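A quick write-up on the structure given underneath.
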Amino acid sequence: MHIDEHGLAHPARLIATPHQDWRIARNDLRLVVIHNISLPAGTFGGEDVIRLFQGRLDCHARPDYVTLCTLRVSAHFLIRRDGELIQFASCYARAWHAGVSSWHNWQRCNDFSIGIELEGTDFQPFEAVQYTALRALLHAIRQRWPDIAITGHSDIAPNRKTDPGPCFNWSAIQ
Ligand SMILES: [Zn+2]
C-alpha cells in the first residue's frame, strides 16, 4: 500500500465526503487518531457509517439516530470488519473526526491529524484482518510522514470519548 502525492491511499475504495475542508498548514501532519464506530451501534456490515460521513444518513430511521441529525462528521479512513479500506478524504484535507481535542499543547486535532475509524465498538475485539489493513495503512502513512505519532480518540478527548476502547490491541500495531 502507498499514499500518493494527492494524499490518496492505494489500494482503497474512495468515497467522497462533503464533510471536509482544507488545512491551514497543508503539510503539517503530526498525528494519526484511531477511532471505532458502528451504526446501528454494535451492528456491522451496513452502509449507515458511510451515509453518516456523506451527510445522507436518514436520522429519523431509528430513535437512536436522532442525536446524529445535526452531526457533520467524517474520517479519512474506515476499515471494515472484513478488512476493506475506504477513504473519504485526502490525507491533505481536513476531515472532521476529532472534535474538541488536544494533543500536547495543540488544540483542534483535526487541523493536524489523520483520522482512521475501525468498524467496531468498545466492547468487542477487532478482527485480525482489520489489524492487517491498519498496519499496512500506518506503514504507508509513515513512509510519507515519518515522524507522525499515533494515538486514540480517547487520549485527545478524554472527557468525551472512549474509542477505540479497551478491546483495541495497541501492541498489534507496534
Ligand atoms: Zn472517535
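Start at 1 and go down the list; that is how both ligands and their atoms are numbered. By convention here, the first residue in the shown sequence is residue 1. Keep in mind the model is a prediction, meaning the values are calculated, not measured.
Restricting His153 to its N, O or S atoms, the one at the least distance from the Zn ion (ligand 1) is ND1. The atom name of the N/O/S atom in His35 closest to the Zn ion (ligand 1) is ND1.
In this view, Arg80 and Glu47, Glu119 satisfy the salt bridge (Lys or Arg N to Asp or Glu O under 4.0 Å) rule, not counting sequence neighbours. Every residue meeting the side-chain contact (heavy atoms from CB on, under 4.5 Å) condition with Ala149, not counting sequence neighbours, appears here in chain and number order: Leu31, Trp103.
Using a 4.5 Å heavy-atom threshold, the side chains of Ile15 and Leu78 count as separate.
Relative ring orientation between Phe126 and Tyr131 is described as perpendicular, the plane-to-plane angle rising above 60° on a 0-90° scale split at 30° and 60°.
The Zn ion (ligand 1) has no N, O or S atom of His97 under 2.8 Å away, backbone or side chain. Here Asp163 meets the criterion, with an N, O or S atom under 2.8 Å of the Zn ion (ligand 1).
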